[in-house]
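Here's the structure we're looking at; comments come further down.
What you see below is based on every heavy atom in this structure, not just the backbone, and it leaves out hydrogens, waters and symmetry mates.
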Amino acid sequence: MRTHVIARKTHKWLGLFIGLQVVVWSLSGIYMTVVHIDTIHGDHLVREASSPGIEAGALQDPFVLAAREESTGIRLAWVDERPIYVTEGPLGERAFAATSAALLQPPNEQAIRALASSHYTGSEPIASAELITDVPGEIRGRTPPLWRVEFAHWNRPTFYLSPATGELLARRHELWRVFDFVWMLHIMDYDERENVNNPLLRAFTWGAVLMALSGIWLLFYAFPKRKKKGRSTP
């Protein structure tokens with residue numbers, strides 16, 4: 001079989017199997033570059049947090065509190081412009097007033113709605129607020145339960161808050177969800193959408209390289225060779 005026939009058939013079959021994914025890579029790449037990453041992160045949806053500050057002497061000793069609660073960890077956080085200690089222990093996360101070490105009750109729905117509205121930069125009202133136990137794929141990796149608050153906007157801004165402290169843990173919106181979908185198509189990880197070095201992606205990447213090389217190979221046969229003119233005899 002002639003080499004140009006082999007080149008043409010190789011390029012054709014590689015294009016048949018790899019070409020569609022190359023188009024998907026191109027279209028998904030366009031979306032991920034056109035929409036600014038800060039917009040995807042939802043930075044525009046959340047007001048900049050304000051911490052008024054507090055004298056260190058006004059805070060209770062966190063080590064004493066951690067020992068009392070037999071916690072495995074403790075951290076200082078600000079919720080609704082007040083400092084709190086958040087402990088991690090056998091009972092999960094619990095919140096304490098940082099100035100008195102008094103246990104704080106978990107926020108109810110009314111408090112969650114108020115906290116979510118205080119974070120939101122828009123003027124739209126809350127469309128729904130619910131305590132969920134099934135974690136959706138858009139916040140995979142989070143531990144339930146979580147408060148889910150959605151605002152009445154075409155972009156469906158959605159805040160996820162801690163049921164123990166009321167802290168804002170994540171924000172999502174429609175442009176982020178589209179990004180997450182095209183990211184899945186781009187990296188070809190259809191389960192976790194995180195593995196950028198999975199076998200399927202590697203196989204199609206090498207296939208695309210071979211398709212490009214076969215195209216270069218075929219290019220050598222695209223232009224007819226000029227025949228050398230013989231010298232005329234006098």
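- The two residues Ala101 and Arg68 make their nearest non-hydrogen contact at O-NH2, 3.2 Å.
- Pro83 and Thr99 get closest at one heavy-atom pair: CG-CG2, 4.5 Å.
- Proximity of a side-chain donor or acceptor of His41 to a complementary backbone N or O of Asp43 within less than 3.5 Å is not detected.
- Note that the NE2 atom of His173 and the OG1 atom of Thr158 stand 9.5 Å from one another [nearest 0.5 Å].
- Across all their heavy atoms, Leu146 and Pro163 have their closest contact at CA-CD, 4.2 Å.
- No side-chain donor-acceptor contact under 3.5 Å links Arg171 to the backbone of Pro157.
- Taking both residues in full, the closest heavy atoms of Phe179 and Met32 are given as CE1-CG, 3.3 Å, listed atom of the first, atom of the second, then distance.
- Side-chain heavy atoms closer than 4.5 Å link hydrophobic residues (I, L, V, M, F, W, Y) into clusters, and following such links, even through other members, never connects Tyr120 to Leu169.
- Using a 4.5 Å cut-off on side-chain heavy atoms (C-beta onward), Val86 and Glu167 make contact.
- Remark: Glu150 CD to Ile126 CD1 distance equals 11.0 Å, nearest 0.5 Å.
- Ring planes of Phe159 and His119: perpendicular class, angle over 60° (limits at 30 and 60°).
- Just one residue in the list Arg75, Glu93, Arg94 forms a side-chain contact (heavy atoms from CB on, under 4.5 Å) with Thr87, and that residue is Arg94.
- Judged by distance alone, the side chain of Ser71 and the main-chain N or O of Ile74 form no donor-acceptor pair under 3.5 Å.
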Quiz prompt | Chi angles and distances behind the side-chain contact (heavy atoms from CB on, under 4.5 Å) call for Glu138, Asp180 | solution = CA-CA 8 Å; Glu138 66 184 24; Asp180 189 48; 5.5 Å; no
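- For Arg140, the CZ atom sits in a packed shell: over 12 heavy atoms of surrounding residues, nucleotides or ligands are nearer than 6.0 Å.
- Note that CG of Leu131 and CG of Asn108 are 11.5 Å apart. Values are rounded to the nearest 0.5 Å.
- Using a 4.5 Å heavy-atom cutoff, the side chains of Asp189 and Val196 are not in contact.
- Scanning both residues, Leu201 and Asn198, for their nearest heavy atoms gives N-OD1, 2.8 Å.
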Self-check item: Tyr190/Leu200 under side-chain contact (heavy atoms from CB on, under 4.5 Å): CA gap, chis, key distance, verdict
Solution: CA-CA 10 Å; Tyr190 305 110; Leu200 186 61; 3.7 Å; yes
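- Outside the 6.0 Å centre-distance limit, the rings of His44 and His36 are not counted as a close aromatic pair.
- Hydrophobic clustering (side-chain heavy atoms under 4.5 Å, transitive across Ile, Leu, Val, Met, Phe, Trp, Tyr) groups Leu175 together with Ile37.
- Gln60 places no side-chain N or O within 3.5 Å of a backbone atom of Ala98 that could act as its donor or acceptor partner.
- Within the model, atoms CG of Leu91 and CD of Glu88 stand 10.0 Å from one another, a figure rounded to the nearest 0.5 Å.
- Between Ser28 and Val24, the shortest heavy-atom contact is OG-O, 2.7 Å.
- Linking ILVMFWY residues whenever their side-chain heavy atoms come closer than 4.5 Å, directly or via other members, places Leu76 and Phe96 in the same cluster.
- Heavy atoms of other residues, nucleotides or ligands lying less than 6.0 angstrom from CH2 of Trp78 number more than 12.
- In the displayed structure, Phe63 atom CZ is contacted under 6.0 Å by at most 12 heavy atoms of other residues, nucleotides or ligands.
- Leu45 is not connected to Val178 by any chain of hydrophobic side-chain contacts under 4.5 Å among Ile, Leu, Val, Met, Phe, Trp and Tyr, and they are in different clusters.
- Put simply, CD1 on Ile187 and CD on Glu192 are 10.5 Å apart, with the number rounded to the nearest 0.5 Å.
- Atom CH2 in Trp25 sits 6.5 Å away from atom CE in Met188 (nearest 0.5 Å).
- In the displayed structure, Glu194 atom CD is contacted under 6.0 Å by more than 12 heavy atoms of other residues, nucleotides or ligands.
- One hydrophobic cluster, built from ILVMFWY side chains closer than 4.5 Å, cannot hold both Leu161 and Ile132; they sit in different ones.
- Taking a 6.0 Å sphere around CG of Asp134, one finds it holds 12 or fewer heavy atoms contributed by other residues, nucleotides or ligands.
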